[in-house]
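Atoms within each ligand, like the ligands themselves, are counted from 1 in listed order.
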Amino acid sequence: MRGLEESGPRPTATPCGCIKPALETGNLLTEPIGYLESCFLAKNGTPRQPSICSHSRACLRIRKSIFNNPEHSLMGLEQFSHVWILFVFHKNGHLSYKAKVQPPRLNGAKTGVFSTRSPHRPNAIGLTLAKLENVEGGAVYLSGIDMIHGTPVLDIKPYIADYDSPQNLMEPLVDFNLQNNQPKPNTVFQCEGKNDSYDQRQLSGYSDSQPHCSTEEKPTCPEDRTSKESYPRCDSTGEGQQTLPMHRERATDFGLESRNDQSPSVAEEQIVLCGLENSCPEEGTDEGPRSEEGAVEGAVEGAAVLQGSSVDTQPTSPLCGARRADRAPHSVVPAWVREAPVAPLQVRFTPHAEKELGQLSSGGEPGVDQPSFRYFQSAEEARRAIEAVLEADPRSVYRRKLCQDRLFYFTVDIAHVTCWFGDGFAEVLKIKPFLSPCS
Ligand SMILES: C[S@@+](CC[C@H](N)C(=O)[O-])C[C@H]1O[C@@H](n2cnc3c(N)ncnc32)[C@H](O)[C@@H]1O
């Protein structure tokens, strides 16, 4: 990654010799959107992952040099409970990196850098999933962080479990009996599956190796403080900061709470999890106050949407045998994420397009030199990909509203697809081979 001292992105050559603008070759000139004010002043003692210390606190103020009105850029973010923070490991000391590293968790054994969360990597970029405590004006208040004070932050993105958690992309492992919130008997096996999560921790290298903080045990964290006490630096610069919503009412409010008002506190999330884990016969410990039935119901329903927010609830069985930090956190997203106003489209292919698709996978007509798929293994796979793309209506709002009758083109693998959209459907008209001159 290029340093700030350089004047700007310069054109660079691609492997095939074409000169392209720097951005197109991935040479990004970054400018931090802000510098983190963190409760951790130095690398030493800073948790290796955010899950280790849920009480850690930080504040990020969006710089005015990025947006004249930083608060505009944060509009709507308060509706999310968690955010991804992309940042620069600015205190790495050197920019060197090695293909194999020794993550502390492997205790001396080496593994490939890309299978770890090591700070020392080709581009010194870190990625942390933090809890969003509050948004006030142009400032974002976070908890559960593993970055030090002064860390340059490159970006904030909302955490959306539907997109970001593989558990949401796979068939649920547990069939819940929603009446009494008990997993059906076959989930006992899942609850016993401790090895899986252990293996994953081993592989990720930097995950929870230390005693982690919970509401009840906090060996390495600062005291749980009131919001103002938690952000001394922010308070010193930010006038009129309000008390952060750290202390919430009861877990029963959790599933029914609008993110607009307040997010559930860490403690509440844990209460909900405790309520769920008590349904797991493996887990005998009772680490926190038991939630009331209502709270558990709200959680198990998962997609419960009220007051503009939607609570994500993960299947609990893989979590039963795991420790708290291994569990996918419940998260809150605004309702629009799950209730998009755009209905899925019906997708159909003209007979002509069907024929062309078949020809692509078979390498074309005899005697004609035609490429076959690079990524898909069959025409059927390509067809499913094309269907999925179109079903979700890939058109921009502008196109949808103002250029409805225009043909729409896109390319997937070597298929250049031409289609059109009608009321509630998309129809594929043509599929031609496409080979990029310079990919
Ligand atoms: C293992 S990294 C993981 C960071 C992030 N969660 C990730 O996976 O990319 C976390 C460690 O990086 C170090 N660290 C945090 N902020 C840093 C910074 N700005 N520059 C260099 N090292 C930093 C701290 O020692 C912390 O324990």
Side-chain angles (χ1 to χ4, degrees), residues 1 3-4 28 30-61 63 82-133 140 142-159 164-166 197 200-213 218-222 233 266 324-329 331:
M1 182 158 294
L4 279 175
L28 182 68
T30 63
E31 185 168 358
I33 59 166
Y35 295 90
L36 201 76
E37 298 163 35
S38 166
C39 64
F40 301 112
L41 296 186
K43 290 194 284 185
N44 229 357
T46 301
R48 293 201 188 100
Q49 284 302 329
S51 53
I52 290 175
C53 185
S54 60
H55 295 289
S56 55
R57 303 271 184 255
C59 170
L60 176 68
R61 293 178 186 286
R63 293 162 70 208
H82 293 78
V83 287
W84 294 110
I85 303 291
L86 277 148
F87 62 95
V88 177
F89 288 111
H90 74 307
K91 289 288 182 190
N92 270 1
H94 51 84
L95 282 177
S96 66
Y97 49 86
K98 291 180 176 160
K100 288 186 187 171
V101 297
Q102 295 172 296
R105 224 188 139 72
L106 285 183
N107 208 19
K110 286 189 174 179
T111 188
V113 64
F114 294 129
S115 68
T116 75
R117 307 297 286 264
S118 167
H120 301 284
R121 38 206 322 124
N123 294 295
I125 291 184
L127 176 70
T128 285
L129 181 63
K131 187 160 188 289
L132 178 62
E133 292 293 346
V140 175
L142 305 165
S143 65
I145 48 107
D146 57 359
M147 301 91 93
I148 61 174
H149 189 69
T151 294
V153 173
L154 299 180
D155 207 351
I156 308 173
K157 298 187 190 216
Y159 171 76
D164 295 340
S165 168
S197 60
Q200 279 162 15
R201 288 199 305 272
Q202 284 290 348
L203 281 173
S204 67
Y206 278 88
S207 48
D208 181 15
S209 61
Q210 301 164 1
H212 57 273
C213 293
K218 31 194 165 184
T220 59
C221 299
R233 283 177 221 98
V266 171
R324 195 166 270 179
D326 300 319
R327 295 167 191 162
S331 58

| field | Pairs flagged by ring pair (Phe, Tyr, Trp, His ring centres under 6.0 Å) wherever residues 99-126 is involved - sequence neighbours left out | value | His94-His120
| remark: Thr151 heavy atoms within 4.0 Å reach ligand 1 at atoms 16 (N), 18 (C), 19 (N)
| message | Test of understanding: with side-chain hydrogen bond (donor to acceptor under 3.5 Å, both in side chains), list the residues that count as partners of Thr128, not counting sequence neighbours. | response | Asp146
| task | Go through Tyr159 and Leu132 one step at a time and tell me if the side chain to side chain contact (heavy atoms under 4.5 Å, CB included) criterion holds. | result | CA-CA 10 Å; Tyr159 171 76; Leu132 178 62; over 6 Å; no
| request: Quick one: look at Pro47 and ligand 1, take heavy-atom pairs under 4.0 Å, and tell me if it's side chain, backbone, both or neither. | output: backbone
| query | Mind checking whether Asn44 has a heavy atom under 4.0 Å from ligand 1? | reply | no
| request: Enumerate the atoms of ligand 1 whose separation from the nearest heavy atom of Arg48 is less than 4.0 angstrom. | output: 1 (C), 2 (S), 3 (C), 10 (C), 27 (O)
| message | For ligand 1, which is the ligand I care about here, please tell me if Thr46 has any N or O atom under 3.5 Å from one of the ligand's N or O atoms. | response | yes
| field | Test item: Thr46 side-chain N/O and Ala42 main-chain N/O as donor-acceptor pair under 3.5 Å | value | yes
| Between Leu127 and ligand 1, is there a nitrogen or oxygen pair with a distance under 3.5 Å? | yes
| task | Decide side chain to side chain contact (heavy atoms under 4.5 Å, CB included) for His149 and Leu36; before the verdict, give the C-alpha distance in whole Å, the side-chain angles of both, and the deciding distance to 0.1 Å. | result | CA-CA 6 Å; His149 189 69; Leu36 201 76; over 6 Å; no
| N/O of Ile148 under 3.5 Å from N/O of ligand 1, yes or no? | yes
